[in-house]
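Here is the structure we will look at, set down as structure tokens.
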Amino acid sequence: MEQTDFPVMIRVPGGKVQTFESGNAFNGDLSNQVTVKGNTVALLGLGAFYDLALRTKDALKAELGIEATVVNPRLSSEVDADTLESLKADHNLVVTLEDGVLDGGFGEKVSRFYGLSDMKVLNIGMKKEVNDRVPMDELLARYHLSPELIVNDVKAILNK
């Protein structure tokens, strides 16, 4: 690490480590990265769940014909109001995917941002519980952490 201008945090995930081309080196801009521009559904994939957002985008296209937007939120402690506001123009649903606890998390901040607007928000993550002895497949099914289950949830919301 050669940059010394900004704090750095390294989080070691429990599963497979994914790498993604992010373009230029980090320059201190903490706004969201819209990595795939689509419409109708926006997938905000926080942290390790960015990969889940990309896989869900493909599943939405295959099953529903929806070209979803994919967003890489680079800051979880706040929301990027400009990006979230811009999604109102051509999206009906924002899905937050966070690799952590939902209570008090990033998804709640996004839901609060949209408040009384017409935007629907679906928060996907885990409940606060001790689950170190639960098989990963069971956790993924319990919390709808697979592209197929997320597509089913999106269908249910969009068909209301």
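- In this structure, Leu97 CG and Thr56 OG1 are separated by 6.0 Å, a value rounded to the nearest 0.5 Å.
- Listed here is the closest heavy atom pair of Ser76 and Phe106: O-CD1, 3.7 Å.
- Scanning all heavy atoms of the two residues, the minimum distance from Ala53 to Gly45 falls at CB-CA, 3.9 Å.
- Criterion: ILVMFWY side-chain heavy atoms under 4.5 Å apart, direct or through other members. Under it, Val36 and Val94 are not part of a common hydrophobic cluster.
- Side-chain contact annotation: Asn72 with Thr35, donor-acceptor N/O pair under 3.5 Å absent.
- Linking ILVMFWY side-chain heavy atoms closer than 4.5 Å, directly or via other members, places Val95 and Ile157 in a single hydrophobic cluster.
- At distances below 3.5 Å, at least one donor-acceptor pair connects side-chain atoms of Glu108 with backbone N or O atoms of Gly104.
- No donor-acceptor pair under 3.5 Å is formed between the side chain of Asn92 and the backbone N or O of Thr40.
- Checked by atom type and distance alone, the side chain of Gln33 never pairs as donor or acceptor with a backbone atom of Val71 at under 3.5 Å.
- In summary, Lys61 and Glu67 engage in a salt bridge, as defined by a charged side-chain N under 4.0 Å from a carboxylate O.
- A distance of 8.0 Å separates NE2 in His91 from OG in Ser86, rounded to the nearest 0.5 Å.
- When the side chains of ILVMFWY residues are joined at heavy-atom separations under 4.5 Å, either directly or via intervening members, Val151 and Val154 end up in a single hydrophobic cluster.
- In this structure, Tyr50 OH and Leu44 CG are separated by 11.0 Å, a value rounded to the nearest 0.5 Å.
- The backbone N or O of Asp5 sits less than 3.5 Å from a side-chain atom of Gln3, completing a donor-acceptor pair.
- Annotation: side chain of Lys57 is not in contact with side chain of Leu60 (no heavy-atom distance under 4.5 Å).
- Counting heavy atoms from C-beta on, the side chains of Leu64 and Lys155 come closer than 4.5 Å.
- At distances below 3.5 Å, at least one donor-acceptor pair connects side-chain atoms of Tyr114 with backbone N or O atoms of Leu84.
- Shortest non-hydrogen contact noted between Asp80 and Thr83 is OD2-OG1, 2.6 Å.
- Nearest heavy-atom pair across Gly125 and Leu102 is N-CD2, 3.5 Å.
- Cluster membership for Leu149 and Leu140, using ILVMFWY side-chain heavy atoms within less than 4.5 angstrom, is not shared.
- The two residues Tyr143 and Met126 come nearest to each other via the heavy atoms CD1-CG, 3.7 Å.
- The pair Glu138-Arg142 counts as a salt bridge, with a side-chain nitrogen and a carboxylate oxygen less than 4.0 angstrom apart.
- Rounding to the nearest 0.5 angstrom, the gap separating the OG atom in Ser146 from the CD atom in Glu148 is 4.5 Å.
- Considering only heavy atoms from C-beta on, Leu122 comes within 4.5 Å of Leu93 through its side chain.
- Val110 and Leu75 end up in different hydrophobic clusters when Ile, Leu, Val, Met, Phe, Trp and Tyr side chains are linked at under 4.5 Å.
- When all heavy atoms are compared, the tightest approach of Ala48 to Asp99 is N-OD2, 3.2 Å.
- Taking 4.5 Å as the limit, every side-chain heavy atom of Pro147 sits out of range of all side-chain heavy atoms of Asp58.
- If you take CG on Asp82 and CG on Leu87, they are separated by 11.0 Å, rounding to the nearest 0.5 Å.
- Counting heavy atoms from C-beta outward, Ile150 and Ile124 have side chains that approach closer than 4.5 Å.
- Leu158 is listed as a side-chain neighbour of Val41, based on a closest heavy-atom distance under 4.5 Å.
- A donor-acceptor contact shorter than 3.5 Å links the side chain of Thr69 to the backbone of Gly38.
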